[in-house]
*Asks:* 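Mind looking over this structure? Questions follow.
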2 protein chains.
Amino acid sequence: MTDSTRAGKRERLAAAAARVLHEQGVEKTTLADIARAADVPVGNVYYYFKTKDQLIGAAIDTHGRELETLIHRLDRLPDPRDRLKALVGGWVGQSDVTARFGCPTGTLASELDKRDDGLDRAIATVMGALLDWMERQFAAMGRADARELAVALLAAYQGVSLLTNTFRDPALMRAEGRRLERWIDSLA
Amino acid sequence: MTDSTRAGKRERLAAAAARVLHEQGVEKTTLADIARAADVPVGNVYYYFKTKDQLIGAAIDTHGRELETLIHRLDRLPDPRDRLKALVGGWVGQSDVTARFGCPTGTLASELDKRDDGLDRAIATVMGALLDWMERQFAAMGRADARELAVALLAAYQGVSLLTNTFRDPALMRAEGRRLERWIDSLA
DNA sequence: GTCTATAAGTCGATAGAC
DNA sequence: GTCTATCGACTTATAGAC
(Lines give C-alpha, C1' and ligand atoms only; values in the text may rest on other atoms or scores of the structure.)
Protein backbone atom coordinates (compact mmCIF):
# COMPACT_ATOMS: atom_id res chain seq x y z
CA MET A 1 0.00 0.00 0.00
CA THR A 2 1.34 3.45 -0.94
CA ASP A 3 2.24 6.14 1.56
CA SER A 4 -0.55 8.39 0.34
CA THR A 5 -3.22 5.80 1.18
CA ARG A 6 -1.58 5.16 4.52
CA ALA A 7 -1.57 8.89 5.29
CA GLY A 8 -5.18 9.01 4.14
CA LYS A 9 -6.26 6.42 6.68
CA ARG A 10 -4.29 8.12 9.44
CA GLU A 11 -5.99 11.42 8.70
CA ARG A 12 -9.37 9.76 8.33
CA LEU A 13 -8.96 8.20 11.77
CA ALA A 14 -7.90 11.50 13.35
CA ALA A 15 -10.79 13.40 11.74
CA ALA A 16 -13.33 10.72 12.71
CA ALA A 17 -11.92 10.72 16.25
CA ALA A 18 -12.34 14.50 16.55
CA ARG A 19 -15.97 14.23 15.43
CA VAL A 20 -16.96 11.20 17.53
CA LEU A 21 -15.14 12.41 20.65
CA HIS A 22 -17.14 15.63 20.45
CA GLU A 23 -20.45 13.83 20.04
CA GLN A 24 -20.00 10.96 22.49
CA GLY A 25 -17.33 12.21 24.88
CA VAL A 26 -13.89 10.73 25.48
CA GLU A 27 -14.78 8.03 28.00
CA LYS A 28 -17.91 6.81 26.23
CA THR A 29 -16.10 6.47 22.90
CA THR A 30 -14.42 3.13 22.14
CA LEU A 31 -11.79 2.53 19.49
CA ALA A 32 -14.44 0.48 17.70
CA ASP A 33 -16.66 3.58 17.46
CA ILE A 34 -13.87 5.63 15.89
CA ALA A 35 -12.78 2.83 13.56
CA ARG A 36 -16.37 2.39 12.33
CA ALA A 37 -16.77 6.14 11.73
CA ALA A 38 -13.49 6.19 9.79
CA ASP A 39 -14.37 2.95 7.92
CA VAL A 40 -11.21 1.22 9.15
CA PRO A 41 -11.08 -2.28 10.74
CA VAL A 42 -10.99 -2.13 14.53
CA GLY A 43 -7.74 -3.95 15.25
CA ASN A 44 -6.00 -2.05 12.46
CA VAL A 45 -6.15 1.19 14.42
CA TYR A 46 -3.03 0.12 16.30
CA TYR A 47 -1.01 0.10 13.12
CA TYR A 48 -1.49 3.86 12.90
CA PHE A 49 -1.63 4.77 16.59
CA LYS A 50 0.17 2.86 19.33
CA THR A 51 -2.38 3.78 22.01
CA LYS A 52 -5.81 5.35 22.38
CA ASP A 53 -4.13 8.41 23.89
CA GLN A 54 -2.09 8.94 20.72
CA LEU A 55 -5.27 8.86 18.65
CA ILE A 56 -6.91 11.38 20.96
CA GLY A 57 -3.78 13.54 20.60
CA ALA A 58 -4.12 13.40 16.82
CA ALA A 59 -7.78 14.42 17.13
CA ILE A 60 -6.75 17.43 19.24
CA ASP A 61 -4.18 18.41 16.57
CA THR A 62 -6.85 18.17 13.86
CA HIS A 63 -9.19 20.34 15.92
CA GLY A 64 -6.40 22.86 16.55
CA ARG A 65 -5.67 23.17 12.82
CA GLU A 66 -9.38 23.77 12.08
CA LEU A 67 -9.37 26.56 14.65
CA GLU A 68 -6.24 28.07 13.04
CA THR A 69 -7.96 28.05 9.64
CA LEU A 70 -10.92 29.92 11.12
CA ILE A 71 -8.62 32.51 12.71
CA HIS A 72 -6.78 33.10 9.42
CA ARG A 73 -10.12 33.75 7.71
CA LEU A 74 -11.09 36.25 10.39
CA ASP A 75 -7.73 38.02 10.03
CA ARG A 76 -8.73 39.11 6.52
CA LEU A 77 -11.23 41.55 8.04
CA PRO A 78 -9.56 44.97 8.46
CA ASP A 79 -11.23 46.01 11.76
CA PRO A 80 -10.42 44.01 14.94
CA ARG A 81 -13.89 44.84 16.25
CA ASP A 82 -15.42 43.18 13.17
CA ARG A 83 -13.11 40.17 13.61
CA LEU A 84 -14.36 39.58 17.15
CA LYS A 85 -17.99 40.04 16.12
CA ALA A 86 -17.49 37.61 13.24
CA LEU A 87 -16.12 35.09 15.74
CA VAL A 88 -19.22 35.54 17.90
CA GLY A 89 -21.39 35.18 14.79
CA GLY A 90 -19.69 31.88 14.03
CA TRP A 91 -20.48 30.62 17.54
CA VAL A 92 -24.14 31.60 17.12
CA GLY A 93 -24.19 29.78 13.76
CA GLN A 94 -23.20 26.59 15.58
CA SER A 95 -25.84 26.95 18.31
CA ASP A 96 -27.82 23.88 17.23
CA VAL A 97 -24.75 21.64 17.38
CA THR A 98 -23.77 23.24 20.69
CA ALA A 99 -27.21 22.49 22.15
CA ARG A 100 -26.69 18.82 21.33
CA PHE A 101 -23.02 18.28 22.13
CA GLY A 102 -21.57 21.44 23.67
CA CYS A 103 -18.50 23.36 22.47
CA PRO A 104 -15.96 20.92 20.93
CA THR A 105 -13.00 22.59 22.65
CA GLY A 106 -14.69 23.14 26.01
CA THR A 107 -16.16 19.66 26.47
CA LEU A 108 -12.82 18.13 25.47
CA ALA A 109 -10.91 20.32 27.94
CA SER A 110 -13.35 19.45 30.71
CA GLU A 111 -13.09 15.72 30.10
CA LEU A 112 -9.34 15.53 29.56
CA ASP A 113 -8.71 17.31 32.85
CA LYS A 114 -10.00 14.22 34.68
CA ARG A 115 -7.47 11.94 33.00
CA ASP A 116 -3.93 11.17 34.13
CA ASP A 117 -2.27 11.48 30.72
CA GLY A 118 -0.82 14.81 29.50
CA LEU A 119 -3.54 15.41 26.91
CA ASP A 120 -5.14 18.15 29.01
CA ARG A 121 -2.03 20.27 28.31
CA ALA A 122 -2.52 19.76 24.56
CA ILE A 123 -6.10 21.06 24.58
CA ALA A 124 -5.03 23.91 26.88
CA THR A 125 -2.52 24.94 24.22
CA VAL A 126 -5.25 25.01 21.57
CA MET A 127 -7.48 27.11 23.79
CA GLY A 128 -4.53 29.34 24.71
CA ALA A 129 -3.88 30.10 21.02
CA LEU A 130 -7.46 31.31 20.57
CA LEU A 131 -7.22 33.35 23.76
CA ASP A 132 -3.98 34.99 22.58
CA TRP A 133 -5.57 35.89 19.25
CA MET A 134 -8.56 37.45 21.02
CA GLU A 135 -6.21 39.42 23.27
CA ARG A 136 -4.43 40.84 20.19
CA GLN A 137 -7.76 42.05 18.80
CA PHE A 138 -8.67 43.90 22.00
CA ALA A 139 -5.15 45.36 22.12
CA ALA A 140 -5.53 46.58 18.54
CA MET A 141 -8.70 48.33 19.73
CA GLY A 142 -6.49 50.25 22.13
CA ARG A 143 -7.53 48.46 25.32
CA ALA A 144 -4.93 48.21 28.07
CA ASP A 145 -6.99 45.44 29.74
CA ALA A 146 -6.95 43.31 26.58
CA ARG A 147 -6.08 40.05 28.35
CA GLU A 148 -8.87 40.39 30.90
CA LEU A 149 -11.39 41.21 28.17
CA ALA A 150 -10.24 38.20 26.12
CA VAL A 151 -10.74 35.92 29.13
CA ALA A 152 -14.18 37.45 29.75
CA LEU A 153 -15.29 36.95 26.13
CA LEU A 154 -14.03 33.38 25.86
CA ALA A 155 -15.52 32.57 29.27
CA ALA A 156 -18.88 34.02 28.22
CA TYR A 157 -18.88 31.75 25.18
CA GLN A 158 -17.74 28.64 27.06
CA GLY A 159 -20.29 29.26 29.79
CA VAL A 160 -23.24 29.86 27.53
CA SER A 161 -22.21 26.79 25.52
CA LEU A 162 -22.51 24.73 28.67
CA LEU A 163 -25.92 26.24 29.52
CA THR A 164 -27.12 25.86 25.94
CA ASN A 165 -26.10 22.21 26.11
CA THR A 166 -27.49 21.57 29.60
CA PHE A 167 -30.91 23.08 28.80
CA ARG A 168 -30.80 21.96 25.14
CA ASP A 169 -31.86 25.44 24.07
CA PRO A 170 -30.04 27.13 21.13
CA ALA A 171 -31.93 30.37 21.90
CA LEU A 172 -29.67 30.90 24.92
CA MET A 173 -26.63 31.06 22.64
CA ARG A 174 -28.38 33.39 20.19
CA ALA A 175 -29.43 35.86 22.91
CA GLU A 176 -25.98 35.85 24.50
CA GLY A 177 -24.44 36.38 21.04
CA ARG A 178 -26.48 39.54 20.55
CA ARG A 179 -25.51 40.74 24.01
CA LEU A 180 -21.81 40.12 23.34
CA GLU A 181 -21.91 42.00 20.01
CA ARG A 182 -23.44 45.02 21.75
CA TRP A 183 -20.77 44.71 24.42
CA ILE A 184 -17.95 44.68 21.84
CA ASP A 185 -19.44 47.76 20.17
CA SER A 186 -19.63 49.55 23.52
CA LEU A 187 -15.88 49.20 24.18
CA ALA A 188 -13.88 52.33 23.41
CA MET B 1 -28.67 -2.99 62.20
CA THR B 2 -30.96 -0.09 63.06
CA ASP B 3 -32.65 2.17 60.56
CA SER B 4 -30.66 5.19 61.70
CA THR B 5 -27.33 3.47 60.92
CA ARG B 6 -28.69 2.33 57.59
CA ALA B 7 -29.73 5.87 56.72
CA GLY B 8 -26.29 6.99 57.85
CA LYS B 9 -24.57 4.68 55.40
CA ARG B 10 -26.86 5.74 52.58
CA GLU B 11 -26.12 9.39 53.21
CA ARG B 12 -22.42 8.72 53.63
CA LEU B 13 -22.39 6.99 50.26
CA ALA B 14 -24.28 9.83 48.58
CA ALA B 15 -22.02 12.49 50.11
CA ALA B 16 -18.86 10.56 49.20
CA ALA B 17 -20.19 10.08 45.67
CA ALA B 18 -20.80 13.81 45.26
CA ARG B 19 -17.23 14.55 46.36
CA VAL B 20 -15.47 11.83 44.37
CA LEU B 21 -17.53 12.42 41.21
CA HIS B 22 -16.46 16.07 41.29
CA GLU B 23 -12.78 15.24 41.75
CA GLN B 24 -12.44 12.27 39.40
CA GLY B 25 -15.32 12.67 36.97
CA VAL B 26 -18.26 10.30 36.44
CA GLU B 27 -16.68 7.86 34.00
CA LYS B 28 -13.34 7.58 35.79
CA THR B 29 -15.00 6.88 39.14
CA THR B 30 -15.71 3.26 40.03
CA LEU B 31 -18.10 2.04 42.69
CA ALA B 32 -15.00 0.83 44.55
CA ASP B 33 -13.70 4.42 44.68
CA ILE B 34 -16.95 5.69 46.19
CA ALA B 35 -17.24 2.78 48.62
CA ARG B 36 -13.68 3.36 49.84
CA ALA B 37 -14.31 7.10 50.31
CA ALA B 38 -17.48 6.32 52.29
CA ASP B 39 -15.78 3.51 54.25
CA VAL B 40 -18.35 0.95 53.10
CA PRO B 41 -17.51 -2.51 51.66
CA VAL B 42 -17.63 -2.53 47.87
CA GLY B 43 -20.29 -5.16 47.23
CA ASN B 44 -22.50 -3.71 49.94
CA VAL B 45 -23.20 -0.61 47.86
CA TYR B 46 -25.90 -2.54 46.03
CA TYR B 47 -27.87 -2.99 49.20
CA TYR B 48 -28.43 0.76 49.30
CA PHE B 49 -28.50 1.55 45.58
CA LYS B 50 -29.73 -0.87 42.92
CA THR B 51 -27.51 0.63 40.19
CA LYS B 52 -24.60 3.02 39.76
CA ASP B 53 -27.03 5.48 38.14
CA GLN B 54 -29.16 5.55 41.30
CA LEU B 55 -26.08 6.39 43.36
CA ILE B 56 -25.17 9.20 40.96
CA GLY B 57 -28.75 10.45 41.25
CA ALA B 58 -28.43 10.53 45.04
CA ALA B 59 -25.17 12.48 44.68
CA ILE B 60 -26.97 15.04 42.51
CA ASP B 61 -29.70 15.38 45.14
CA THR B 62 -27.08 15.94 47.83
CA HIS B 63 -25.40 18.59 45.71
CA GLY B 64 -28.74 20.26 45.00
CA ARG B 65 -29.54 20.49 48.71
CA GLU B 66 -26.16 22.09 49.43
CA LEU B 67 -26.90 24.69 46.78
CA GLU B 68 -30.32 25.36 48.34
CA THR B 69 -28.68 25.91 51.72
CA LEU B 70 -26.33 28.46 50.17
CA ILE B 71 -29.23 30.29 48.53
CA HIS B 72 -31.17 30.45 51.79
CA ARG B 73 -28.13 32.03 53.46
CA LEU B 74 -27.88 34.62 50.69
CA ASP B 75 -31.59 35.43 51.01
CA ARG B 76 -30.92 36.86 54.46
CA LEU B 77 -29.18 39.86 52.87
CA PRO B 78 -31.71 42.66 52.33
CA ASP B 79 -30.38 44.00 48.99
CA PRO B 80 -30.62 41.76 45.89
CA ARG B 81 -27.46 43.43 44.55
CA ASP B 82 -25.58 42.36 47.66
CA ARG B 83 -26.98 38.84 47.33
CA LEU B 84 -25.59 38.49 43.81
CA LYS B 85 -22.23 39.95 44.80
CA ALA B 86 -22.05 37.56 47.77
CA LEU B 87 -22.71 34.69 45.36
CA VAL B 88 -19.83 35.89 43.18
CA GLY B 89 -17.65 36.24 46.28
CA GLY B 90 -18.40 32.61 47.15
CA TRP B 91 -17.29 31.51 43.69
CA VAL B 92 -14.04 33.44 44.07
CA GLY B 93 -13.51 31.82 47.47
CA GLN B 94 -13.60 28.41 45.77
CA SER B 95 -11.14 29.39 43.03
CA ASP B 96 -8.41 27.01 44.21
CA VAL B 97 -10.76 24.01 44.14
CA THR B 98 -12.11 25.18 40.79
CA ALA B 99 -8.60 25.34 39.33
CA ARG B 100 -8.10 21.70 40.26
CA PHE B 101 -11.50 20.15 39.52
CA GLY B 102 -13.74 22.76 37.85
CA CYS B 103 -17.22 23.80 39.01
CA PRO B 104 -19.02 20.82 40.64
CA THR B 105 -22.30 21.58 38.90
CA GLY B 106 -20.82 22.44 35.51
CA THR B 107 -18.46 19.48 35.16
CA LEU B 108 -21.26 17.15 36.22
CA ALA B 109 -23.69 18.65 33.69
CA SER B 110 -21.10 18.40 30.93
CA GLU B 111 -20.35 14.75 31.65
CA LEU B 112 -23.91 13.58 32.23
CA ASP B 113 -25.00 15.00 28.88
CA LYS B 114 -22.90 12.33 27.15
CA ARG B 115 -24.75 9.50 28.89
CA ASP B 116 -27.94 7.78 27.81
CA ASP B 117 -29.65 7.75 31.21
CA GLY B 118 -31.92 10.59 32.33
CA LEU B 119 -29.48 11.98 34.90
CA ASP B 120 -28.66 14.98 32.71
CA ARG B 121 -32.22 16.22 33.35
CA ALA B 122 -31.64 15.98 37.11
CA ILE B 123 -28.53 18.18 37.04
CA ALA B 124 -30.31 20.57 34.64
CA THR B 125 -33.02 20.96 37.29
CA VAL B 126 -30.41 21.85 39.92
CA MET B 127 -28.82 24.40 37.63
CA GLY B 128 -32.26 25.73 36.65
CA ALA B 129 -33.11 26.39 40.30
CA LEU B 130 -29.99 28.54 40.69
CA LEU B 131 -30.77 30.34 37.45
CA ASP B 132 -34.33 31.09 38.58
CA TRP B 133 -33.06 32.48 41.88
CA MET B 134 -30.59 34.75 40.05
CA GLU B 135 -33.38 35.93 37.74
CA ARG B 136 -35.46 36.90 40.77
CA GLN B 137 -32.60 39.03 42.12
CA PHE B 138 -32.21 40.94 38.84
CA ALA B 139 -36.00 41.38 38.68
CA ALA B 140 -35.98 42.78 42.23
CA MET B 141 -33.41 45.29 40.97
CA GLY B 142 -36.04 46.46 38.50
CA ARG B 143 -34.53 44.90 35.38
CA ALA B 144 -36.97 43.85 32.65
CA ASP B 145 -34.23 41.71 31.07
CA ALA B 146 -33.69 39.76 34.30
CA ARG B 147 -33.64 36.33 32.66
CA GLU B 148 -31.03 37.32 30.09
CA LEU B 149 -28.84 38.88 32.76
CA ALA B 150 -29.14 35.75 34.91
CA VAL B 151 -28.03 33.59 31.97
CA ALA B 152 -25.13 35.97 31.30
CA LEU B 153 -23.95 35.90 34.92
CA LEU B 154 -24.21 32.13 35.33
CA ALA B 155 -22.52 31.65 31.94
CA ALA B 156 -19.69 33.99 32.92
CA TYR B 157 -19.09 31.90 36.03
CA GLN B 158 -19.35 28.54 34.28
CA GLY B 159 -17.06 29.74 31.50
CA VAL B 160 -14.38 31.19 33.73
CA SER B 161 -14.56 28.03 35.85
CA LEU B 162 -13.69 26.02 32.74
CA LEU B 163 -10.81 28.36 31.85
CA THR B 164 -9.56 28.44 35.44
CA ASN B 165 -9.57 24.63 35.40
CA THR B 166 -8.03 24.30 31.91
CA PHE B 167 -5.16 26.70 32.66
CA ARG B 168 -5.00 25.69 36.34
CA ASP B 169 -4.90 29.38 37.29
CA PRO B 170 -7.11 30.62 40.17
CA ALA B 171 -6.17 34.21 39.29
CA LEU B 172 -8.48 34.01 36.27
CA MET B 173 -11.45 33.43 38.55
CA ARG B 174 -10.42 36.22 40.92
CA ALA B 175 -10.05 38.79 38.10
CA GLU B 176 -13.37 37.80 36.53
CA GLY B 177 -15.01 38.00 39.97
CA ARG B 178 -13.90 41.61 40.37
CA ARG B 179 -15.16 42.40 36.85
CA LEU B 180 -18.54 40.81 37.58
CA GLU B 181 -18.96 42.75 40.83
CA ARG B 182 -18.28 46.01 38.97
CA TRP B 183 -20.77 44.90 36.33
CA ILE B 184 -23.49 44.20 38.92
CA ASP B 185 -22.89 47.63 40.49
CA SER B 186 -23.18 49.28 37.08
CA LEU B 187 -26.71 47.93 36.46
CA ALA B 188 -29.49 50.42 37.11
C1' DG C 1 1.07 -3.68 5.01
C1' DT C 2 -3.50 -5.17 6.34
C1' DC C 3 -6.65 -7.44 9.11
C1' DT C 4 -8.65 -11.28 12.39
C1' DA C 5 -8.75 -13.61 16.49
C1' DT C 6 -7.95 -13.40 20.97
C1' DA C 7 -5.46 -12.27 25.21
C1' DA C 8 -5.52 -9.50 29.47
C1' DG C 9 -7.66 -6.60 32.43
C1' DT C 10 -11.51 -3.79 34.43
C1' DC C 11 -15.97 -2.80 36.11
C1' DG C 12 -20.88 -3.24 37.11
C1' DA C 13 -23.82 -6.38 38.99
C1' DT C 14 -25.46 -10.85 41.33
C1' DA C 15 -25.72 -15.08 44.14
C1' DG C 16 -25.48 -16.76 48.28
C1' DA C 17 -22.80 -17.52 52.85
C1' DC C 18 -23.01 -15.73 57.44
C1' DG D 1 -28.85 -6.93 57.28
C1' DT D 2 -24.01 -7.35 55.96
C1' DC D 3 -20.40 -8.84 53.22
C1' DT D 4 -17.45 -12.09 50.04
C1' DA D 5 -16.73 -14.44 45.91
C1' DT D 6 -17.53 -14.44 41.35
C1' DC D 7 -19.98 -13.94 36.88
C1' DG D 8 -20.50 -11.73 32.50
C1' DA D 9 -19.93 -7.91 29.51
C1' DC D 10 -16.92 -4.72 27.55
C1' DT D 11 -12.52 -2.49 26.04
C1' DT D 12 -7.74 -1.86 25.17
C1' DA D 13 -4.04 -3.97 23.22
C1' DT D 14 -1.28 -7.81 20.98
C1' DA D 15 0.05 -11.98 18.31
C1' DG D 16 0.20 -13.75 14.22
C1' DA D 17 -2.26 -15.28 9.74
C1' DC D 18 -2.73 -13.60 5.08
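Letters go in sequence order (proteins before strands), and every chain restarts at 1. Because the structure is predicted, anything quoted here is derived from the model rather than measured.
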*Asks:* Among all residues two or more places apart in sequence or in another chain, which pass the side-chain hydrogen bond (donor to acceptor under 3.5 Å, both in side chains) test with Glu23(B)?
*Replies:* none
*Asks:* Would you please name every residue forming a side-chain hydrogen bond (donor to acceptor under 3.5 Å, both in side chains) with Asp79(A), sequence neighbours left out?
*Replies:* none
*Asks:* Quick one: list whatever passes side-chain contact (heavy atoms from CB on, under 4.5 Å) with Ala139(A), sequence neighbours left out.
*Replies:*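 Counting only residues at least two positions away or on another chain, Ala139(A) forms a side-chain contact (heavy atoms from CB on, under 4.5 Å) with Ala146(A).
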*Asks:* Side chain of Lys9(B), heavy atoms from C-beta onward: which of dG1(D), dC3(D), dC3(C) has the nearest atom to it?
*Replies:* dC3(D)
*Asks:* Applying side-chain hydrogen bond (donor to acceptor under 3.5 Å, both in side chains), name anything that partners Asp82(A), two or more places apart in sequence or on another chain.
*Replies:*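 Residues passing side-chain hydrogen bond (donor to acceptor under 3.5 Å, both in side chains) with Asp82(A): none at all.
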*Asks:* Counting only non-hydrogen atoms, which of residues 29-40 of chain B are less than 4.0 Å from DNA chain D?
*Replies:*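 Hits under 4.0 Å, by residue number: none.
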*Asks:* List the atom of Met127(B), the atom of Leu154(B), and the distance in Å for their closest heavy-atom pair.
*Replies:*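 Smallest heavy-atom distance, with atoms named: CG-CD2, 4.0 Å.
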*Asks:* Round to a whole Å and report the spacing from CG of Leu13(B) to P of dC3(D).
*Replies:*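 My rounded result for the distance is 11 Å.
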*Asks:* Evaluate the side-chain proximity of Met141(B) to Leu149(B): yes if any heavy-atom separation is below 4.5 Å, no if none is.
*Replies:*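 Counting from C-beta outward, Leu149(B) and Met141(B) never come under 4.5 Å.
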*Asks:* Take atom CG of Asn44(A) and atom C1' of dC18(D), then tell me their distance rounded to the nearest Å.
*Replies:* 13 Å
*Asks:* Is there any ring-ring contact (aromatic ring centres under 6.0 Å, His included) pair reaching into residues 92-128 of chain A, and which pairs are they, with sequence neighbours excluded?
*Replies:* His22(A)-Phe101(A)
*Asks:* Any residue in residues 109-118 of chain A with a heavy atom nearer than 4.0 angstrom to DNA chain C? Just list them by number, or reply none.
*Replies:*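 None, since no heavy atom is under 4.0 Å.
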*Asks:* Where the side chain of Tyr46(B) is concerned, which of dA13(D), dA13(C), dC3(C) is the nearest nucleotide?
*Replies:* dA13(C)
*Asks:* Considering residues at least two apart in sequence or located in another chain, which fulfil the ring-ring contact (aromatic ring centres under 6.0 Å, His included) criterion with Trp133(A)?
*Replies:*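 Expected list: none.
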*Asks:* Between dT4(C), dG1(D), dG1(C), which one does the side chain of Tyr47(B) approach most closely?
*Replies:*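 Within the option list, the nearest is dG1(D).
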*Asks:* Just the rounded figure in Å: distance from C1' of dT2(D) to CZ of Phe49(B).
*Replies:* 16 Å
*Asks:* May I have the distance from Glu27(B) (atom CD) to dG12(C) (atom C1'), rounded to whole angstrom?
*Replies:*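 Answer to the nearest Å: 12 Å.
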*Asks:* Kindly list each side-chain donor-acceptor pair under 3.5 angstrom involving residues 58-67 of chain B, sequence neighbours excluded, with atom names and distances?
*Replies:*
residue	atom	partner	partner atom	Å
Thr62(B)	OG1	Ala58(B)	O	3.1
His63(B)	NE2	Thr105(B)	OG1	2.7

*Asks:* Taking only residues two or more places apart in sequence, or in another chain, which ones meet Arg182(B) in a salt bridge (Lys or Arg N to Asp or Glu O under 4.0 Å)?
*Replies:* Glu148(A)
*Asks:* What pairs with Asp116(A) under side-chain hydrogen bond (donor to acceptor under 3.5 Å, both in side chains), at least two apart in sequence or on another chain?
*Replies:* none
*Asks:* For DNA chain D, what residues of residues 50-61 of chain A have any heavy atom nearer than 4.0 Å?
*Replies:* Thr51(A), Lys52(A)
*Asks:* Return no unless some side-chain N or O of Tyr48(A) is found under 4.0 Å from OP1 or OP2 of dT2(C).
*Replies:* yes
